[in-house]
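First the proteins, then the strands, lettered A, B, ... as listed; each starts at 1.
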2 protein chains.
Amino acid sequence: MPVKNPGLKSAASSTVEDYLERILELINSKGYARVVDIAAALEISQASVTNMVQRLDAERLLKYEKYRGLVLTEAGEKLARRIAHRHRLLTEFLKLLGLDDRVICHDVEGMEHHISVPTLRAIEALTRQLRRRPALRAQLETALV
Amino acid sequence: MPVKNPGLKSAASSTVEDYLERILELINSKGYARVVDIAAALEISQASVTNMVQRLDAERLLKYEKYRGLVLTEAGEKLARRIAHRHRLLTEFLKLLGLDDRVICHDVEGMEHHISVPTLRAIEALTRQLRRRPALRAQLETALV
DNA sequence: TAAATAAATTAGTCTTAACTAACTTTGCAT
DNA sequence: ATGCAAAGTTAGTTAAGACTAATTTATTTA
């Protein structure tokens with residue numbers, strides 16, 4: 001089934017989004033993202049990462065020199081940031097629903113690539129409202145017995 | 001990336017879920033689901049449908065006789081119903097957020113396969129609360145300008 | 001009922017994105 | 001400086017799930 005992925009109107013597949021997300025995380029936390037670290041983070045082989053990294057270089061989302069490492073391009077970083085932001089918003093939303101971290105993590109990782117900008121905005125607004133209505137959140141929790 | 005699909009703790013992939021969903025829809029609306037109709041509904045070739053239908057038969061989610069048609073098994077129908085139900089709950093939820101039908105349709109089709117049972121329950125509870133709080137819904141709509 | 005059309009099937013191909021195994025490069029420790 | 005381990009790369013394979021083209025079966029209509 002050719003299910004498109006226009007969530008961020010980038011041409012990025014879910015897979016590409018996952019890579020960018022992890023790469024940005026690594027850069028933020030360690031200052032760099034090596035093939036071996038990306039592979040560990042995504043729980044896939046180094047070979048797969050090498051392939052994808054070369055592809056992302058071809059797509060100008062990062063600059064890669066063989067054996068020497070990579071840096072995100074302007075475009076790549078921008079995209080990665082938006083992906084990370086979307087991830088955070090979804091996580092916060094589910095957190096407010098009282099779900100546990102394991103479930104949140106799993107579901108967000110699955111859904112995040114499929115959420116369009118308008119839906120994300122709506123969820124963001126809802127999250128804000130939910131945040132200031134503890135009584136409503138309490139209602140939800142009791143419903144989850 | 002080996003992203004599992006434990007939403008309904010069935011072994012069904014997203015693709016299988018899509019097929020079952022459409023097959024049930026067809027059966028509900030026309031009384032039967034032919035290869036040609038499934039293909040049209042999913043916008044894929046008849047050949048692809050034939051393949052999948054044979055696989056679903058092997059997995060005992062439906063019974064299929066070459067050239068003669070198919071019926072869902074008990075297990076297949078049960079699963080299909082749960083998939084359809086999840087689809088409806090998500091659609092209703094997004095509807096209450098004031099999103100337009102195109103967006104809802106797209107996003108639900110993407111997300112539905114990745115929502116776990118606990119998350120679905122939480123969203124269901126939230127939907128109920130949202131339904132009885134028009135003021136809150138109005139707040140959301142104004143935030144979506 | 002026979003021809004024409006619609007539906008279904010088969011066989012083989014393509015793409016994406018994983019994998020393993022084998023090899024190369026780099027960097028560190030002696 | 002060399003040798004070993006860690007990191008990275010290449011080549012070739014696999015699996016899911018699409019596709020087309022060719023063929024077969026079923027159905028409709030003249």
Side-chain angles (χ1 to χ4, degrees), chain A residues 1-7 10-23 26-27 30-59 61-71 83 109-110 112-114, chain B residues 1-7 10-23 26-27 30-59 61-71 83 109-110 112-114:
Chain A
M1 237 94 42
V3 169
K4 305 313 181 309
N5 175 242
S10 63
S13 69
S14 301
T15 305
V16 166
E17 292 191 355
D18 278 330
Y19 274 91
L20 288 176
E21 195 170 356
R22 299 314 175 105
I23 288 169
L26 285 168
I27 288 177
K30 324 183 39 172
Y32 54 87
R34 294 180 307 172
V35 168
V36 69
D37 300 320
I38 301 166
L42 293 172
E43 298 183 88
I44 61 181
S45 71
Q46 291 184 27
S48 302
V49 173
T50 295
N51 280 334
M52 180 57 85
V53 157
Q54 289 171 352
R55 172 177 151 193
L56 295 177
D57 179 280
E59 292 178 14
L61 292 170
L62 52 79
K63 262 187 307 208
Y64 183 56
E65 282 185 89
K66 264 190 197 174
Y67 299 106
R68 312 267 60 196
L70 62 86
V71 281
I83 292 164
E109 271 168 34
E112 60 181 336
H113 312 293
H114 306 280
Chain B
M1 238 91 42
V3 170
K4 307 307 182 314
N5 178 240
S10 62
S13 69
S14 301
T15 306
V16 165
E17 291 191 357
D18 279 330
Y19 274 91
L20 288 177
E21 195 170 356
R22 300 313 175 107
I23 288 171
L26 286 167
I27 289 176
K30 324 181 40 170
Y32 54 88
R34 295 180 306 172
V35 168
V36 69
D37 299 319
I38 300 166
L42 293 173
E43 299 183 272
I44 61 180
S45 71
Q46 292 184 27
S48 301
V49 173
T50 295
N51 280 333
M52 180 57 84
V53 156
Q54 289 171 351
R55 170 177 153 192
L56 295 178
D57 179 281
E59 293 178 12
L61 292 169
L62 51 80
K63 264 188 304 206
Y64 184 55
E65 283 185 89
K66 265 190 198 176
Y67 299 106
R68 308 267 66 193
L70 62 87
V71 282
I83 292 164
E109 273 168 33
E112 59 182 337
H113 313 293
H114 306 280

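For the OP1/OP2 pair of D:dT10 and a distance below 4.0 Å, the side-chain nitrogens and oxygens of A:Lys66 include at least one atom meeting the criterion. Put simply, B:Ser45 has no side-chain N or O that comes within less than 4.0 Å of OP1 or OP2 on D:dT20. For C:dT10, the OP1/OP2 oxygens have no side-chain nitrogen or oxygen of B:Gln46 closer than 4.0 Å. Taking only side-chain nitrogens and oxygens, A:Gln54 comes nearer than 4.0 Å to OP1 or OP2 of D:dT10. Checking the phosphate oxygens (OP1, OP2) of D:dC19, a side-chain nitrogen or oxygen of B:Ser48 falls inside 4.0 Å. For B:Arg34 and D:dA26, the shortest distance from a side-chain N or O to OP1 or OP2 is not below 4.0 Å. Side-chain nitrogen and oxygen atoms of A:Thr50 include at least one within less than 4.0 Å of the OP1 or OP2 phosphate oxygen of D:dT9.
From B:Asp18, atom CG reaches atom CD of B:Glu109 across 7.0 Å, with rounding to the nearest 0.5 Å.
In this entry the distance linking CG of A:Leu26 with P of D:dA7 reads 13 Å, nearest Å. Atom CZ in A:Arg68 sits about 7 Å away from atom C1' in C:dT26, given to the nearest Å. Taking atom CG of B:Asp37 as the reference point, atom P of D:dA26 lies 18 Å away to the nearest angstrom. One interatomic measurement links the two molecules: CD1 of B:Ile38 to P of C:dT9, which rounds to 10 Å at whole-angstrom precision. Distance, B:Glu17 CD to D:dA16 C1': 15 Å, rounded to whole Å. Atom CD1 in A:Ile44 sits about 11 Å away from atom P in C:dT20, given to the nearest Å. Whole-Å rounding puts the B:Met52 CE to C:dA8 P distance at 17 Å. Protein atom CD of B:Glu65 is 11 Å distant from nucleotide atom P of D:dA26, rounded to whole Å.
Judged as a side-chain hydrogen bond (donor to acceptor under 3.5 Å, both in side chains), and not counting sequence neighbours, the contacts of A:Ser48 are A:Ser45. Judged as a side chain to side chain contact (heavy atoms under 4.5 Å, CB included), and not counting sequence neighbours, the contacts of A:Tyr32 are A:Lys30, A:Arg34, A:Asp37. Evaluation of the side-chain hydrogen bond (donor to acceptor under 3.5 Å, both in side chains) rule for B:Gln54 yields no partner, not counting sequence neighbours. Every side chain to side chain contact (heavy atoms under 4.5 Å, CB included) that A:Leu70 has, sequence neighbours left out, goes to A:Ile23, A:Ala33, A:Ile38, A:Val53, A:Leu62, A:Tyr64. For A:Gln46, the side-chain hydrogen bond (donor to acceptor under 3.5 Å, both in side chains) criterion is met by no residue, not counting sequence neighbours.
In this structure, the nucleotide among C:dC19, C:dA17, C:dT9 sitting nearest to the side chain of A:Asn51 is C:dC19.
Nearest heavy atoms, A:Ile83 versus A:Glu21: CG2-OE1, 3.6 Å.
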Find every protein N or O atom lying less than 3.5 Å from an N or O atom of nucleotides 23-25 of chain C, and list the pairs.
none

